[in-house]
Number of protein chains: 2
Amino acid sequence: MVEDSWSPPEVLVTVDLVILTLREARLQVLLVERGVEPYRGARALPGGFLNNAGEDILDAAHRELREEADLDGAQLHLEQLGTYGAPSRDPRGRVISVAYLAIAPGLPEPVAGTDAAEAGWVPVEDLLTGWSKLAFDHRQILTDGVERARSKLEHSALATAFCDGTFTIAELQQVYEAVWGVELDPRNFYRKIQAVPGFVEPAGTDRRTTGGRPARLFRAGPRTVLHPPLVRPGRTTSEGER
Amino acid sequence: MVEDSWSPPEVLVTVDLVILTLREARLQVLLVERGVEPYRGARALPGGFLNNAGEDILDAAHRELREEADLDGAQLHLEQLGTYGAPSRDPRGRVISVAYLAIAPGLPEPVAGTDAAEAGWVPVEDLLTGWSKLAFDHRQILTDGVERARSKLEHSALATAFCDGTFTIAELQQVYEAVWGVELDPRNFYRKIQAVPGFVEPAGTDRRTTGGRPARLFRAGPRTVLHPPLVRPGRTTSEGER
DNA sequence: TGAATAGTGTCTATCAGACACTATGGC
DNA sequence: GCCATAGTGTCTGATAGACACTATTCA
């Protein structure tokens with residue numbers, strides 16, 4: 001299959017990040033404003049080229065996380081999302097992008113003092129329901145990242161990655177409600193969470209929030225795969241979804 | 001972040017395929033024997049370098065499917081599995097591999113007359129329970145591919161991709177049993193399948209197999225997402241899985 | 001007729017959702 | 001006390017698994 005005179009083409013590789021968090025009870029993503037061509041001035045996912053030929057792709061994702069969002073990848077959930085390689089996706093030439101999905105607990109303030117010209121949290125809903133433009137194929141990557149998160153909430157303990165070290169069941173519920181875009185019954189949710197062995201475990205004392213009775217605190221348990229799973233409500237009957 | 005004199009490193013890209021099928025009621029994968037260094041003589045997943053800088057990655061997967069397995073990707077389920085980019089994974093230098101998962105209906109004979117020196121179906125169980133070696137990080141890629149298939153059987157209509165155009169419910173059950181490595185009750189399975197709207201639809205006449213009453217034929221329905229899902233039995237109680 | 005598989009009916013323990021109710025804080 | 005939220009109890013309709021039973025072919 002390989003002729004003697006043939007040699008494989010070399011391509012450039014970027015690593016792009018879909019960093020999701022919960023702010024003001026809404027699912028938000030970190031976007032930067034591009035300072036250089038192409039797509040100068042447009043909003044894009046944070047990311048950049050591999051540093052050198054010896055850099056591991058996952059390491060590059062950690063580096064971008066630090067450089068562009070001032071986040072420590074070791075503390076975050078970080079998983080590969082997919083690789084986007086349409087020949088026309090980058091006007092500079094053949095550039096393929098390995099996308100990663102990162103989940104961060106709610107950061108109180110927008111990221112500042114970072115490398116990118118402008119970086120800020122944007123509600124995902126505003127981006128995906130409207131027709132806002134993102135650079136390159138980043139809208140598709142974002143869509144895939146959000147769908148990955150929605151799906152993984154059902155079968156994995158991903159939701160705890162949106163929370164701080166300790167959290168209340170109500171806070172965990174907010175994660176599910178924001179990511180899935182549904183409302184859940186707090187009482188049933190409470191029991192459902194605790195019916196999954198190893199999902200969350202108690203963490204001692206109490207804390208109060210708006211008004212009511214103080215809530216117990218929990219931390220993430222050892223289990224990353226949920227049995228039984230938490231299934232998304234709605235669509236029980238037949239709909240034509242692709 | 002990019003100095004004026006700096007330019008991003010160029011890397012080589014291969015596309016590797018995890019092609020799964022069902023033969024003799026067992027989950028099998030197509031492997032080739034490498035004819036060139038590195039890993040000459042070792043078994044590997046079929047695959048190869050991008051053809052030229054303008055070739056789409058998915059197109060390259062289709063091309064490899066045709067060249068190395070004589071299969072038509074348009075007829076098969078084909079999805080991206082992930083990208084493997086450890087700097088040390090290929091002794092030739094910086095080569096990253098985009099892996100694809102393909103699902104094929106049971107082919108009666110081993111593939112012959114193809115490009116690769118040797119190509120043949122190997123039971124997945126033999127590879128993953130034993131300590132058989134595969135070239136590069138292909139054992140990891142295979143593991144990931146099998147786990148992807150196992151998981152997607154629960155929530156998608158992937159199982160029909162293992163079957164011919166028309167199939168019986170018993171044949172579909174064999175898919176689940178082989179991929180999951182469990183035994184299922186035929187009567188409950190039968191009703192469970194038909195309880196999922198759009199999963200399978202009737203296809204006319206009958207056919208008989210070993211002995212018993214002839215079974216109805218079905219074809220894949222329009223639905224690719226299963227509601228309700230088919231959940232894997234077993235592991236209901238807490239186990240420490242990763 | 002008997003063996004073998006296809007397909008249906010039914011029973012029961014369990015579970016998910018609805019929601020009444022109690023507990024515990026701040027005002 | 002009143003309000004708000006946390007957490008528990010209970011009821012009910014749906015469901016998953018076990019398995020008896022009927023149907024239809026071949027030998």
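Residue numbers begin at 1 in each chain, while the letters A, B, ... track the order of the sequences.
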- Item | Nearest-angstrom distance from the residue atom CG of B:L172 to C1' of C:dA6 | 15 Å
- Note on the structure: Taken to the nearest whole Å, CD/B:E183 to C1'/D:dA18 is 15 Å
- Look at the aromatic rings of A:H155 and B:H155 and report parallel, tilted or perpendicular, splitting at 30° and 60°. tilted
- Query: Can you check the B:Y190 OH to D:dT22 P distance for me, whole Å?
  - Reply: 18 Å
- Note on the structure: Regarding the side chain of B:Q194, the nearest nucleotide among D:dA18, D:dT8, C:dT8 is C:dT8
- Query: For the pair made of CZ in A:R191 and C1' in C:dA20, what is the distance, rounded to whole Å?
  - Reply: 12 Å
- Item | Closest-nucleotide ordering on DNA chain D, the 5'-leading residue of B:G211 and B:P229 | B:P229
- Message: So, OP1 or OP2 of D:dT24: does either fall under 4.0 Å of a side-chain N or O from B:R216?
- Response: no
- Note on the structure: Of the candidates D:dT25, C:dA23, C:dG25, the side chain of A:R213 sits closest to C:dA23
- Item | B:Y176 and B:W180 aromatic ring geometry - parallel, tilted or perpendicular at 30°/60° bounds | perpendicular
- Message: Please report the distance, rounded to the nearest Å, between CG in B:N188 and P in D:dC19.
- Response: 10 Å
- Message: Please determine whether side chain to side chain donor-acceptor pair (under 3.5 Å) holds for the pair B:Y190 and B:D185, giving the CA-CA distance in whole Å, both sets of side-chain angles, and the decisive distance to 0.1 Å.
- Response: CA-CA 9 Å; B:Y190 195 99; B:D185 183 301; over 6 Å; no
- Message: Please report the distance, rounded to the nearest Å, between OH in A:Y176 and C1' in C:dA16.
- Response: 16 Å
- B:D185 CG - C:dG7 C1' separation (whole Å): 12 Å
- Closest non-hydrogen atoms of B:L101 and B:L81, given as atom of the first, atom of the second and distance, are N-CB, 4.3 Å
- Note on the structure: Regarding the side chain of A:A170, the nearest nucleotide among D:dA18, D:dA6, D:dT8 is D:dA6
- Task: Measure from the side chain of B:R187, starting at C-beta and using heavy atoms only, and say which of D:dA20, D:dT8, C:dC19 lies closest.
- Result: D:dA20
- Item | Side-chain donor-acceptor pair present, B:H77, B:E79, cut-off under 3.5 Å | yes
- Please check the phosphate of D:dG17 (OP1 and OP2 only) for any side-chain N or O of B:K192 closer than 4.0 Å. yes
- Query: A:Q173 CD to D:dT5 P: how many Å, rounded?
  - Reply: 12 Å
